[in-house]
Amino acid sequence: MRTGVDIGRIDLGLEVGLGYSQQVATYVHDDFRGQRYGTLGFAARVTPLIAVYVTRRIYLGLRWDVTMNFHRSPACSPGRCEGPVRAPAFGHHSLLGLMLGVTI
């Protein structure tokens, strides 16, 4: 879902998305070398953005993608994990980016 507000040559926007996420990691510690673990769960993405129109059709902007993962159930690759795995319950990721675009 995306919404926005136009203020002259400036667009303020907000994107929101829901989904399902999987995170996988491999141990490098000697006692667990090569053992993989992962988590599965609900994820939400929120992206505030700002775009400034340089001309009537070309814009430059800045966006900040934030993904919030709310994982509850551990999942391992077959044959790699033995016994219960202590995986993180959730993790968050963030990405800041520049936009250059053209409207049609």
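Residues forming a side-chain contact (heavy atoms from CB on, under 4.5 Å) with Thr55 (at least two apart in sequence, or on another chain): Ile58. Remark: Leu98 pairs with Leu62 by the side-chain contact (heavy atoms from CB on, under 4.5 Å) rule, at least two apart or across chains. Evaluation of the side-chain contact (heavy atoms from CB on, under 4.5 Å) rule for Val66 yields Trp64, Met68, Ser94 as partners, not counting sequence neighbours. Listed by chain and number, the residues in a side-chain contact (heavy atoms from CB on, under 4.5 Å) with Val52 are Ile10 (sequence neighbours excluded).
Alongside Leu49, the hydrophobic cluster contains Tyr53, Tyr59, Met99 (criterion: ILVMFWY side chains under 4.5 Å).
Pairs passing the salt bridge (Lys or Arg N to Asp or Glu O under 4.0 Å) check and including a residue from residues 41-51, sequence neighbours excluded, read Glu15-Arg45, Arg45-Asp65.
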Checklist line | Pair His93-Asn69, side-chain contact (heavy atoms from CB on, under 4.5 Å): steps then yes or no | finding: CA-CA 8 Å; His93 308 282; Asn69 298 311; 3.1 Å; yes
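The number of heavy-atom neighbours closer than 6.0 Å to CZ of Arg56, taken from other residues, nucleotides and ligands shown, is 12 or below.
Using a 4.5 Å heavy-atom threshold, the side chains of Val5 and Asp11 count as separate.
Both Leu96 and Val46 sit in one connected hydrophobic cluster of ILVMFWY residues. Membership requires side-chain heavy atoms under 4.5 Å apart, directly or through other members.
Ile50 contributes atom CD1, which lies 13.0 Å from atom CG of Leu14 (distance to the nearest 0.5 angstrom). Between the OG1 atom of Thr47 and the CG atom of Leu95 there is a distance of 9.0 Å, given to the nearest 0.5 Å.
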